[in-house]
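Bear in mind that the values here come from a model prediction, so they are computed numbers and not experimental data. When a ligand or atom number is given, it counts from 1 through the structure's own listing order.
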Amino acid sequence: MASATIRVRLTAWYLLLLTLVLCLLGLLLHLYLGYTLRSNLDRSLVHRAEQLVAIRDLPQAMADGRFAADPGEVVALYDSQGRRLRDPSADNSVGVNPARVESALRGESSFSTERGQDGRSLRLYALPYPAATSPMALVAARPMDNITAAQRALLRTFLVVGPLTLLLSAGGGLFLARRALKPIDRMTATTRKIEEADLGGRIDVRSNDELGRLGQTLNDMLDRLERAFTRQRQFTGDASHELRGPLSVIEAEATLALRRERSSEEYQAALATIAEEAGGMKRLIDQLLDLARADEGQERLSRELIDLAAVAAEVVGELAPVAEEREIALHFENAPPAIVCGDRGHLRRLLLNLVDNGIRYSDAGGTVVVRAYRAGDAARAVVSDTGIGIPPEHLSRVFERFYRVDAARSRGGAGLGLALCQAIARAHGGTIDVESVLGTGTTFTVTLPIG
Ligand code: ADP
């Protein structure tokens, strides 16, 4: 319905404009035709007047009735008093404006349009007549019937041709509008078919014009939506899977313990396993919640000015006992403050994850170095370790949710840590990058805009 309305509206506007153009054209042609025909008539009157003046003794010829005007034409002579000379053969029904005669007697020639007694219009030329004695005036007039007839014919033509043109144009306009808007109907039909459950359908883009680009934009949007939905589905699947493991252990442990009477040591052991698994689940759920919060983006972040270097130092202090226990040297390189605007808790969690990974994925005797500094318009935090490294083919995927390089070397995590780091960096308008050499070490670099 909407496109039908656009179609009709477009055609209506088009017709309105065309009507205006046709009216204007008709008016201009009407005026131009009148003007040219009148100019021609005036020229013929001047020519006729010259002929009349050239006739020898016209006044006498008129008085004698020897002079005969052309059919339809009026020729009259006036004496110096403005009285018309008697001419027995003349048509006397035409009244001549005395003002014209007077100005001709004063020596001025002029044209005028007069209406005869029968309602017909006459074009009239009054000029001084060169008489030997006193001044006289000569008037030559011819009917304007041809001009009015031509103008009427023009008007008739327009009255017939105009509506016909408008009718044809309305048809053509509707046809063209329908053709131009057809891709929109197609797009509507396609997008209507695309369901939330199956985002596979795409608009058939056939041109590179405005509508083609609209179709392409919608397709790109559908691509993004489909990817997001797939990720979401996978995420839910992975999360359920991760939670199912510890839950199965808890269930099995409890069922086993309840099967018969146990010693208090056995109960303790069972409860300890259950507590440990529950703890793991809680950590996982906490991570999922953190991730969901970070995903909400900047709106949910508290914004304060924070020295990234101070946060890094704090994190290093916090993890120092863990590093020591695992015989890993953990260093913080002191640097001037690097102030960013952001959420202290989130940024702390980010660095904590990176340093914790550095420690977890290094063997005893390794080193983890943490630096934070300002680099131009950015603040940077760098965590380098001399650990096991990440194989190149996995590098681009370590930030994905639930991605672990390989389960065998995974040291306890669910593969959400780096995903959370990336979500936090992005929510702060920043980035996180990784470089790694297998067996040599890994460096994570967080870049944030300065506050
Ligand atoms: P997890 O919580 O399982 O450690 P992460 O998202 O933190 O998950 O890391 C994803 C994967 O990237 C890990 O399984 C690990 O194999 C690899 N990884 C992360 N940090 C390091 C590092 N510093 N050195 C080597 N491998 C790392």
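- Under 4.0 angstrom from ligand 1, there are no non-hydrogen atoms of Cys421.
- If you number the atoms of ligand 1 from 1 as listed, the ones under 4.0 Å from a heavy atom of Val405 come out as 12 (O), 14 (O), 16 (O), 17 (C).
- The pair Lys282-Asp286 counts as a salt bridge, with a side-chain nitrogen and a carboxylate oxygen less than 4.0 angstrom apart.
- Short contacts between ligand 1 and Phe444, defined as distances under 4.0 Å to a heavy atom of the residue, involve ligand atoms 20 (N), 23 (N).
- Using a 4.0 Å heavy-atom cutoff, Gly387 is absent from the residues neighbouring ligand 1.
- For His394, no heavy-atom contact with ligand 1 is shorter than 4.0 Å.
- Of all atoms in ligand 1, listed by their number and element, those nearer than 4.0 Å to a heavy atom of Gly415 are 1 (P), 2 (O), 3 (O), 6 (O), 8 (O).
- Less than 4.0 angstrom separates some heavy atom of Leu418 from each of these atoms of ligand 1: 5 (P), 6 (O), 7 (O), 9 (O), 10 (C), 12 (O), 19 (C).
- Of all atoms in ligand 1, listed by their number and element, those nearer than 4.0 Å to a heavy atom of Tyr403 are 10 (C), 11 (C).
- Near Ile390, meaning under 4.0 Å from any of its heavy atoms, are these atoms of ligand 1: 18 (N), 25 (C), 26 (N), 27 (C).
- The side-chain contact (heavy atoms from CB on, under 4.5 Å) with Ser112 is formed by just one residue from the set Val139, Leu124, Leu122; it is Leu124.
- Screening Thr367, Val369, Val322, Val316 against Leu330 for a side-chain contact (heavy atoms from CB on, under 4.5 Å) leaves a single residue, Val316.
- No heavy atom of Phe399 sits closer than 4.0 Å to any atom of ligand 1.
- Contacts between Leu354 and ligand 1 below 4.0 angstrom, taking non-hydrogen atoms only, are absent altogether.
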